[in-house]
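Here's the structure we're looking at; comments come further down.
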Amino acid sequence: MTSDASRPEARGPRGFIDRRARDLAAERRILAAVAEVYERYGFEALDTGAFEYADALGKFLPDADRPNEGVFALQDDDEQWMALRYDLTAPLARFAAQNWETLPKPFRRYAFGPVWRNEKPGPGRFREFVQCDADTVGSARPEADAEIIAMAVAGLEAAGLPAGSAIVKINNRKLLNGLMTAAGVTSEVQKLVVLRAVDKLDRLGPDGVRLLLGEGRKDESGDFTKGAGLTAAAAERVLAFTAAGAGDRSGTLDRLAGVVGGSAEGDEGLAELSAIDAALTGLGVGAERAAFDPSVVRGLEYYTGAVFEAELLLQTTDDKGQPMRFGAIGGGGRYDDLVARFTGERTPATGFSFGVSRLAAALKAAGRDLAADSRGPVVVLVLDQDRMADYMAVAGELRAAGIASEVYLGTSGMRPQMKYADRRLSPAAVIIGGDEFAAGTVTLKDLDLGRALASGVTDNAAWRAERPGQMTVPRTELVAAVRRIVSSATPGDAA
RNA sequence: GCCGGCUUAGCUCAGUUGGUUAGAGCGCUAGAUUGUGGAUCUAGAGGUCCUCGGUUCGAGACCGAGAGCUGGUACCA
């Protein structure tokens, strides 16, 4: 026996979570539904390894001082730095560059799997989480963006988000660049600060953003964020731009043209959005599902054209019943320079990704808790230790008939076994003791029936005497009788 | 990174100006009930009061440092 001092504490690293059957079933269902949609749009599945060489992941290169900044990195035995992927886009860029000669172009693929980020976990934010991503590499057409957007909309709905509960908001980086020019922003640093400020519009509101555009803002925790230092007039201009989105897409475009039209880059962005609008209309996606919104910024450098963000519209509440802001459940955009890092050749690409467990949480908040029906197996009770083979035979028969079942493998008596079956949310228990063996029968107990009756029973003697939902049938009718009980069990709710 | 809050049983938490043997509810185990789930009753197990140092006759409580957790904020590919 290990001494107390050397015994490890049973706990996982922070930011990593254990997920049980309930959550896994929900996520699996989402992925199956989304994959089906994505494949219907002509995207092929791709899986790449968890590790990439660090230089392939882009600007978050480990260096000698801080090799793990942002990513989980380690040195291979040949001393090359490799790191766990932090998203699915960077591995795609690497894959596309590596296989460019032989790929059908444009290359359309989707992927899902865990990604890892070595940063401080927050509420709903983990250091390992499952992402689902779809991209088109090698097409600069706005229709490629429109298709990704339409597919995102269809995917979210297929996963179970009711129509109208989420909207994809679309913007274009080129408009933002045009706006910067109009607002007199010249330095790259200042531009970044302005973009970050705009990105916080949904959380801080126009007043908070106005502060960030000007001198700066002090938050409730007393932390001060330095502002962009714009003049009041310039700040108002930026705010006016972000407020220009509302209603139908072409109307929004007209208003935006009034603010950023005229600059070469702004006009280019407007033309792209106009083409996206037409394509979306052709695909049957209206403004209630995909709208232009100039306040969408997404990330910082990386994106080069259209950017989009899927936002949950439902009023949601947290565990304590407090209303909460759910925010974005996914996002993406056009990144024309990512593959060029490998090939030196500019390769247009666009994509969308979402967090799978985040979507699962959104579905739960939307009242579509797909995880509810994780019922346990039929439990075969062991009353005679010497007849294990007979019990195994029973479970085998049930399994062969497609009914999930198991023999109780503990050593406790009958009552704990019943308790076990109850706790597993088993639909039924199979009871075969000396009486049944002698008579060639089996006793079956419909546990759901007992669960339903339990609330009305106050006296234990009566409860036990009643034997709710219990029946004895000939051994030969075992499978048929169990099937009747199991198929009448409520899938979602055991109570 | 910056700012706050918290840390006592498996869980949720009490614990009086610093004073005997540190408590409750839930959960767990056993019994009432030897072949029956819920409820009830009874009994039991379960503690480095986060760690180290200091003050004191005496610290779960006060002081200092550290760790962990948590909320916000910054960053976010």
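If you're wondering where the values come from, they're calculated on a predicted model, not measured in any experiment. Numbered from 1 within each chain, the chains take letters A, B, ... in sequence-line order.
- Both stacking criteria are satisfied for A:Y86 over the base of B:A77: a centre-to-centre distance under 5.5 angstrom and an angle between ring planes under 30 degrees.
- Both tests hold for A:R387 against A:F437: distance to the six-membered ring centre under 6.0 Å, angle to the ring axis within 45°.
- Side-chain atoms of A:I431 lie closest to B:G35 of the nucleotides B:G38, B:G35, B:C76.
- No hydrogens or angles were tested; on distance alone, a donor-acceptor pair under 3.5 Å links the side chain of A:R125 to the base of B:C76.
- Aromatic ring pairs are classed by plane angle as parallel below 30°, tilted from 30° to 60° and perpendicular above 60°; the pair A:Y420 and A:Y408 is perpendicular.
- Relative to the side chain of A:R203, the nucleotides B:A74, B:G37, B:C69 differ in distance, and B:A74 lies closest.
- For A:M414, whose side chain is taken as the heavy atoms from C-beta onward, the closest listed nucleotide among B:A77, B:U36, B:U73 is B:U36.
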Go through the steps to decide whether A:E128 and A:R117 satisfy the test salt bridge (charged side-chain N to carboxylate O under 4.0 Å, His left out), and finish with yes or no. CA-CA 6 Å; A:E128 176 184 54; A:R117 296 184 184 184; over 6 Å; no
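- In the set B:G37, B:U73, B:G35, B:G37 carries the atom at the smallest distance from any side-chain atom of A:R451.
- Using a 4.0 Å cut-off between charged nitrogen and carboxylate oxygen, A:E406 and A:R399 do not count as a salt-bridge pair.
- Taking atom CZ on A:R127 and atom P on B:A77, their separation rounds to 19 Å, with Å as the unit.
- Among the nucleotides B:A77, B:U36, B:G72, the one closest to the side chain of A:M418 is B:U36.
- Here the P atom of nucleotide B:C76 and the OH atom of A:Y303 are 13 Å apart, to the nearest Å.
- Distance check on atom C1': B:G5 versus B:C52 gives 23 Å, rounded to whole Å.
- At a threshold of 4.0 angstrom between heavy atoms, the contacts of A:E436 include nucleobase atoms, whether or not backbone atoms are also involved.
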Could you list the donor-acceptor pairs under 3.5 angstrom formed by side chains in residues 348-357 of chain A, with sequence neighbours left out?
| residue | atom | partner | partner atom | Å |
| --- | --- | --- | --- | --- |
| A:T350 | OG1 | A:D145 | OD1 | 2.6 |
| A:T350 | OG1 | A:G333 | O | 3.4 |

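- Of the two residues near RNA chain B, A:D87 and A:R14, the one whose nearest nucleotide lies more 5' is A:R14.
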Could you list, one pair per line, each protein nitrogen or oxygen that sits under 3.5 Å from a nitrogen or oxygen of nucleotides 28-31 of chain B, together with the distance?
| residue | atom | partner | partner atom | Å |
| --- | --- | --- | --- | --- |
| B:C28 | OP1 | A:R423 | NH2 | 2.5 |

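- With hydrogens and angles left out, the side chain of A:Q417 and the base of B:U36 share no donor-acceptor pair within 3.5 Å.
- Using a 4.0 Å cut-off between charged nitrogen and carboxylate oxygen, A:R108 and A:E147 count as a salt-bridge pair.
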Both distances under 3.5 Å, Watson-Crick or G-U wobble: on that basis, could you give the dot-bracket string for RNA chain B, with [ ] for crossing pairs and | for other-strand partners? (((((((..((((.....[...)))).(((((.......))))).....(((((..]....))))))))))))....
